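Keep in mind the model is a prediction, meaning the values are calculated, not measured. To find a chain, count down the sequence lines: A is the first, B the second, and so on, and within it residues start at 1.
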Amino acid sequence: MTQMWLNMGPQHPATHGLWDLLVRVDGETIVEAQTKIGYLHRGVEKIAENRTIEKFLPLNDRLCYVANSSWTVLFVNAVEELIEVVPPERAQYIRVIVLELQRIASHLVWLGAYCSDMGLLTMILWGWRDRELILDLFQFLTGARIMHNFPRVGGVRNDLPPTFKERTLKAMDYMDKRCDEYEDICGRSELFRMRTKGIGPYSIEKAIALGATGPMLRAAGLAQDIRKDDPYLVYDRLDFNVPVGKNGDGWDRYTVRLEEIRESASLVRQCLQKMPEGDFMLPGFKMPKVLPARAIYRRAEDPRGEGAVYIAGDGKTNRPYRLKIRSPTYIHLLGIPHYIPGARVSDVPIIMGGADPCMAEVDR
Amino acid sequence: MEGDGSGKEAGAGGPKERRVDADEAAADIGEEDVCETAPSGPSIVMASLDELIEWLVRVLDWGAGIVPVKPLVNKIARPVFAWSQRASVFALHSGLACCAMEMGVVGMPRLDSERLGVAWFSSPRRCDLFLVNGWITKKTRPVLRTLYEQMPEPKWVIAMGECAISGGPWHDSYNVIYGADELLPVDIYIPGCPPRPEALLDALVKLQTKIQKEGTTSGLKLG
Amino acid sequence: MTGTGGAAAAAAGAARSAFEERVLAELGAMAPAVSEPAIQKPHRLIARVKAGSIVDVSRRLKLIGFDHLSCETCVDYESEIEMVYLLWSYKEKCLIELRSRISGTEPKAASLVPVWTGAEFHEREAYDMFGVIFEGCPNLRRVLLPDEWTLFPFRKSFKIESIHEKRKRAEAEKAKAAKAAAAAAAPKPPAPPAPPAPAPPAQNVPPEKEAGPK
């Protein structure tokens, strides 16, 4: 049978972003694939060399439009490590709350999009409707739904507003109940299982060779999590499990992320209970006029995997000399051609969706 | 052919039986002399279907120019077409960047754009509305232009967010275009970074008002 | 420009695990390809590697336990480019940063694809942004920028300016051009009158002191 190249993208309902997956198909089976990205490349790392730390801070939200605060918190953590400043404990707890709420919101977006690619349109309506509750909490805390611009070097922008604790605890109880409902509609659905089991599997060795991290690696079977292995902020004082899959296929990626929503809800509860009183910002802190001539590599558990920032100062200005952003989805998307051959064309949205693409982070 | 000079009697028969002053015809329709080019007799039967249709359209247009049928029909039909177009604006399922998240929220249960008739479709061939919701890079330019040109008329463009209006916070990027109106004709601009989804809902309502007021470009066309 | 800080860590008396000691010993054994191995902080090692030996060093480190290539990037120091490789060990939970300098005018480095397949993605980006040619990397072509670009934007020689600076520059050029046009178009002023004859020197001004021998 003749083989032909099919172009899936850049404008495609299943790609969730602007990228291109060219597949060479032999009938229905994929023989080869190529990824084409770069449609959203702005050169954020070059722009960072042109701006001071305070002026670059709001741009971090736009690094990944689904998990905004996880990049801002990561950047601020990196800068604090560079200038050797430790924020107060209350600020660290608040940052962890923001990170975990962001993880829930991001996984709800992913769940909705993943299921809608298969035709299970109920999930996108349910998932995004529940995400509105999380965004309401963000609006209450930071003033914005997405693009919060919340952490500052030395702390956070403001303390928790009154009644935030009660509202959040109520929302987390609601999320636990909803996770059970998602399990009912997706996990117990025979069609969902047929569409995701055995799709795009890879072994732990192949995943590590390709650089896969986060839920993609946990789905393959390796129980690793940067929050446990290389703890930052106050994660070493919190207690949570790391959900693990078996084969690394679409089904395992779903179960891992659904469990992570539950774990994040539990983490938020623990933070709210354990949070000490104190300052939300280092008193009297002023950003130094010059960044030290060192380089720092700071990693964090982004909802999509291992997000990291390599920031180097030059000892002369308060602008970074080099800012490198390690985006987990960039690695995952470029790794797709290595494990997609053998799948069918109708499985492509499942494989694309399993990598949880967020193109602003891929292209930077 | 007999004629009464430049008489314009209504319902006096077809063009074969009347002769209109050549200057009047030219002034009216913009053609030199309709009657002389209109085929008559057995040549109609032996003409091709295209020529027949062409002749029919010319004849109707000439007739509509004499009798004020065209403005009357347009006056009735245009609002009906406009109403049907504004009540079911199909937006293209193309999410570029962050503003696409807020665009997605507009279709979700809390804000529900479908009660306005706005639904999202993946193929540009069936869409009226192109929402530019993110920064445009040099690599994306031909993609967006192709998508826009694939959409059939009439079509509208909404530039959502600062990046689509003027490049947004990426003013010193080497790869970002300063605004969607460098390549597409934009009807509505929504400021914000990102604009609230309620702002997009407001823009859709404004677009519907615009469609209703301006009418639609494809009214009942004769010729 | 960026030091390894080994002395500081030793002075701080950071507790070293058995694994970190073993890695330091291995790195020391790999000299002279590897120099300045040090522990910056607990679970943070650093070493400097000679440009040609990065593949062997990373293969050895992968055997020891650094199985994950977290990042491979460049820092442009104009005359030189510093390649930075960051390896993480899932088992021992330890990070090592390897730095190696290559030429800035004709940057060439060995590719890590034989060791990690996923290194290809980092290398494609480094080529796209900095122009570093990785020998041995399959499919070394542009990934983020359009294929027809010939410039490498993250080099320091490629300057970007903000829209305000662009506007200011455009206005300054316009003003300069307008002034030049006005000066060319304006009628030439009449020739100035001849300067008066120089006055004779005053008689009572003391002569200049001459630098003579004391």
Side-chain angles (χ1 to χ4, degrees), chain A residues 9-20 36-51 55-56 58-59 61-66 68 105-106 109 112-113 116 122 124-133 135-136 139 144-147 149 358-361 363-364, chain B residues 92-112 114 120-124 127 130-144 146-148 150-151 161-163 167-177 192-199:
Chain A
Q11 182 264 332
H12 194 279
T15 53
H16 305 298
L18 227 60
W19 63 290
D20 211 343
K36 255 180 86 171
I37 55 177
Y39 291 98
L40 286 178
H41 176 68
R42 310 151 267 187
V44 167
E45 302 173 6
K46 184 81 184 182
I47 292 176
E49 296 174 15
N50 214 20
R51 305 200 191 187
K55 290 211 171 136
F56 185 68
L59 297 189
D61 281 321
R62 285 125 185 110
L63 261 182
C64 170
Y65 43 79
V66 188
N68 323 84
S106 168
V109 168
S116 82
T122 311
I124 195 168
L125 293 173
W126 282 12
W128 287 48
R129 187 191 70 180
D130 296 330
R131 176 175 169 258
E132 291 289 318
L133 297 172
L135 296 185
D136 280 344
Q139 196 177 305
R145 292 157 49 94
I146 57 178
M147 314 308 168
N149 194 14
C358 173
M359 294 318 289
E361 172 194 281
D363 292 337
R364 278 157 284 137
Chain B
L92 181 62
H93 195 147
S94 108
L96 290 165
C98 332
C99 287
M101 298 303 295
E102 299 293 56
M103 174 187 86
V105 167
V106 169
M108 291 301 136
R110 186 179 270 201
L111 290 165
D112 196 16
E114 259 184 77
W120 268 269
F121 280 89
S122 313
S123 168
C127 290
F130 190 23
L131 271 165
V132 182
N133 46 24
W135 56 90
I136 303 177
T137 64
K138 297 185 176 148
K139 213 171 181 178
T140 328
R141 274 185 94 125
V143 170
L144 294 187
T146 314
L147 283 171
Y148 180 72
Q150 280 181 334
M151 286 165 60
E162 295 300 331
C163 296
W170 319 111
H171 57 82
D172 47 358
S173 162
Y174 47 82
N175 209 20
V176 171
I177 309 279
C193 186
R196 283 196 66 100
E198 289 90 351

**Q** Does any heavy atom of chain B fall under 4.5 Å from the side chain of E132(A), the backbone, both, or neither of them?
**A**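 Interface part for E132(A): both.
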**Q** Of the backbone (N, CA, C, O) and the side chain (C-beta and beyond), which part of Q139(A) lies under 4.5 Å from a heavy atom of chain B, both, or neither?
**A** side chain
**Q** With a 4.5 angstrom heavy-atom cut-off, is it the side chain or the backbone of R141(B) that approaches chain A, or both, or neither?
**A** neither
**Q** With a 4.5 angstrom heavy-atom cut-off, which part of I37(A) approaches chain B: side chain, backbone, both or neither?
**A**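 Interface part for I37(A): backbone (N, CA, C, O).
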**Q** I'd like to know if the side chain of N133(B) and the backbone of C99(B) have a donor-acceptor N/O pair within less than 3.5 Å.
**A**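 A pair under 3.5 Å: no.
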**Q** Answer yes or no: is there an ion pair linking R129(A) with D112(B), defined by an N-O contact shorter than 4.0 Å?
**A** no
**Q** What's the verdict on side-chain contact (heavy atoms from CB on, under 4.5 Å) for V109(A) and W128(A), showing C-alpha distance, side-chain angles and the deciding distance?
**A** CA-CA 6 Å; V109(A) 168; W128(A) 287 48; 4.0 Å; yes
**Q** What class does the angle between the rings of W170(B) and W135(B) fall in, given that below 30° is parallel, 30 to 60° is tilted and above 60° is perpendicular?
**A**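 Because their plane-to-plane angle is over 60°, the rings of W170(B) and W135(B) count as perpendicular.
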**Q** At a 4.5 Å cut-off on heavy atoms, which part of P13(A) comes close to chain B: side chain, backbone, both, or neither?
**A** both
**Q** Considering only heavy atoms, which portion of M359(A) lies under 4.5 Å from any heavy atom of chain B: side chain, backbone, both, or neither?
**A** neither
**Q** Which heavy atom in Y39(A) sits nearest to a heavy atom in V143(B), and how many Å separate them?
**A**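 That closest heavy-atom pairing would be CE2-CG2, 3.8 Å.
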**Q** At a heavy-atom separation under 4.5 Å, does R145(A) approach chain B through its side chain, its backbone, both, or neither?
**A** side chain
**Q** Using every non-hydrogen atom in the two residues, find where S122(B) and Q11(A) come nearest and quote the distance to one decimal.
**A**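 Looking at all heavy atoms of both residues, the closest pair is O-NE2, 2.9 Å.
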**Q** With a 3.5 Å cut-off and no angle check, do the side chains of D172(B) and N50(A) form a donor-acceptor pair?
**A** yes
**Q** For chain B, find which of H16(A), R51(A), R131(A), M147(A) contributes the most heavy-atom pairs closer than 4.5 angstrom.
**A** R51(A)
**Q** Please classify the contact of C193(B) with chain A as side chain, backbone, both or neither, using a heavy-atom distance under 4.5 Å.
**A**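 Contact with chain A involves both backbone and side-chain atoms of C193(B).
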**Q** Indicate yes or no: does R364(A) engage E45(A) in a salt bridge with an N to O separation below 4.0 Å.
**A**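 Between E45(A) and R364(A) there is a salt bridge, with a charged N closer than 4.0 Å to a carboxylate O.
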**Q** If we define contacts as heavy-atom pairs under 4.5 Å, which of A97(B), G107(B), G168(B) has the most with chain A?
**A**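 Most pairs with chain A among the choices: A97(B).
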**Q** For L147(B), which atoms come within 4.5 Å of any heavy atom of chain A: side chain, backbone, both, or neither?
**A** side chain
**Q** Out of R110(B), K138(B), H93(B), return the one with the most heavy atom pairs under 4.5 angstrom to chain A.
**A** R110(B)
**Q** Quick one: what part of L144(B) sits under 4.5 Å from any heavy atom of chain A, side chain, backbone, both or neither?
**A**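 For L144(B), neither part sits under 4.5 Å from chain A.
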**Q** Quick one: what part of L135(A) sits under 4.5 Å from any heavy atom of chain B, side chain, backbone, both or neither?
**A**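 Neither the backbone nor the side chain of L135(A) comes within 4.5 Å of chain B.
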**Q** Looking at V66(A), V44(A), D136(A), D61(A), which one has more heavy-atom pairs under 4.5 Å with chain B than the rest?
**A** D136(A)
**Q** Taking C-beta and beyond as the side chain, do P169(B) and C163(B) meet within less than 4.5 Å on heavy atoms?
**A**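 Yes; the side chains approach each other to less than 4.5 Å.
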